[in-house]
Amino acid sequence: MAYWLVKSEPDAWSWDQQVKRGTKGEMWSGVRNHTAKQNLMKMKKGDRAFFYHSNIGKEIVGIVEVIREHYPDPTDDTQKFVVVDVKAVEPVPQPVTLAAIKAEPRLKDMALLKYSRLSVQPVTDAEWKTICRMGGIK
DNA sequence: GCCAACGTTGGC
DNA sequence: GCCAACGTTGGC
């Protein structure tokens with residue numbers, strides 16, 4: 001199983017809204033970047049991703065699971081981009097802030113810090129474990 | 001509100 | 001095909 005991190009501005013789509021969708025999940029639409037698209041296409045059913053609030057909060061607030069692999073984005077007129085469906089799995093009890101990630105030496109190579117504008121990013125197993133521990137997840 | 005990073009567009 | 005101009009994202 002692979003790990004990922006997806007970003008959303010809470011004004012546009014927040015963790016609370018994701019949770020309200022329940023097990024039905026919601027498509028992760030609006031990606032208009034080719035690197036992010038490549039990552040979406042690598043996602044497999046059952047993969048997990050951190051849900052990060054950009055701009056407002058700037059913290060990891062929850063974990064989602066991929067429940068449907070990539071298919072064409074219906075909101076994309078050009079037919080070039082794709083979406084996956086994700087459902088909320090569990091909240092992060094103590095949200096992990098960007099500041100905390102920057103302060104943690106083991107996370108210095110995270111894509112979040114290196115490619116801050118990339119909205120769908122891979123996360124390594126080690127990074128995943130570190131952040132879970134910081135967030136109070138067993 | 002500003003600005004750095006970076007992707008995209010368009011003139012040549 | 002190069003590169004300057006411009007737009008967008010996202011941290012501060």
Side-chain angles (χ1 to χ4, degrees):
Chain A
M1 175 169 72
Y3 297 114
W4 309 91
L5 181 147
V6 294
K7 292 200 289 196
S8 180
E9 295 191 33
D11 280 350
W13 181 252
S14 71
W15 171 250
D16 285 346
Q17 287 172 284
Q18 184 73 52
V19 168
K20 283 191 190 129
R21 294 293 297 164
T23 54
K24 292 190 298 291
E26 180 69 28
M27 60 176 187
W28 197 265
S29 63
V31 169
R32 296 291 181 271
N33 170 288
H34 292 286
T35 307
K37 176 195 166 182
Q38 293 306 116
N39 288 330
L40 285 178
M41 293 183 74
K42 286 183 212 158
M43 287 185 183
K44 299 290 180 198
K45 199 171 174 181
D47 281 359
R48 300 218 161 173
F50 288 127
F51 192 115
Y52 176 81
H53 276 168
S54 64
N55 269 316
I56 301 167
K58 285 171 289 182
E59 57 192 9
I60 292 168
V61 291
I63 291 173
V64 293
E65 179 178 323
V66 177
I67 56 173
R68 183 177 171 188
E69 293 177 16
H70 67 90
Y71 57 98
D73 186 341
T75 70
D76 172 29
D77 293 337
T78 69
Q79 300 286 299
K80 283 194 295 191
F81 294 98
V82 300
V83 297
V84 297
D85 286 359
V86 296
K87 70 167 185 189
V89 175
E90 61 180 325
V92 174
Q94 299 166 261
V96 179
T97 65
L98 182 62
I101 289 167
K102 282 185 172 173
E104 170 51 62
R106 282 173 296 177
L107 301 177
K108 69 176 180 2
D109 291 326
M110 271 193 82
L112 187 65
L113 304 183
K114 285 187 170 173
Y115 311 101
S116 63
R117 288 182 52 196
L118 184 59
S119 59
V120 181
Q121 324 180 338
V123 173
T124 68
D125 288 6
E127 288 163 354
W128 184 270
K129 286 193 189 105
T130 300
I131 291 171
C132 283
R133 195 167 306 125
M134 290 164 74
I137 293 169
K138 284 131 253 129

Exercise. For every nucleotide of nucleotides 1-9 of chain C, 5' to 3': is a protein heavy atom under 4.0 Å from its base (B), only from its sugar-phosphate (S), or from neither (-)?
Worked result: ------BBB

For this session: Test A:Ile67 against every option in A:Val86, A:Thr23, A:Asp85 by the side chain to side chain contact (heavy atoms under 4.5 Å, CB included) rule and name the one that passes.
Result: A:Asp85

Measure from [atom1] on [X] to [atom2] on [N] and round the result to the nearest Å.
{"X": "A:Leu112", "N": "C:dC12", "atom1": "CG", "atom2": "C1'", "result": "15 Å"}
{"X": "A:Leu5", "N": "C:dG10", "atom1": "CG", "atom2": "C1'", "result": "14 Å"}
{"X": "A:Leu113", "N": "C:dG10", "atom1": "CG", "atom2": "P", "result": "14 Å"}

For this session: Begin with the C-alpha distance, continue with both residues' side-chain angles, and end with the deciding distance and a verdict on side-chain hydrogen bond (donor to acceptor under 3.5 Å, both in side chains) for A:Thr78 and A:Asp76.
Result: CA-CA 6 Å; A:Thr78 69; A:Asp76 172 29; 2.8 Å; yes

Exercise. Using the benzene-type ring in the case of Trp, are the ring centres of A:Trp4 and A:Tyr52 under 6.0 Å apart?
Worked result: no

Exercise. Can you check whether A:Phe51 reaches A:Pro91 side chain to side chain, under 4.5 Å on heavy atoms?
Worked result: no

Problem set entry | Evaluation steps, side-chain hydrogen bond (donor to acceptor under 3.5 Å, both in side chains), between A:Thr75 and A:Arg32 | CA-CA 11 Å; A:Thr75 70; A:Arg32 296 291 181 271; 3.1 Å; yes

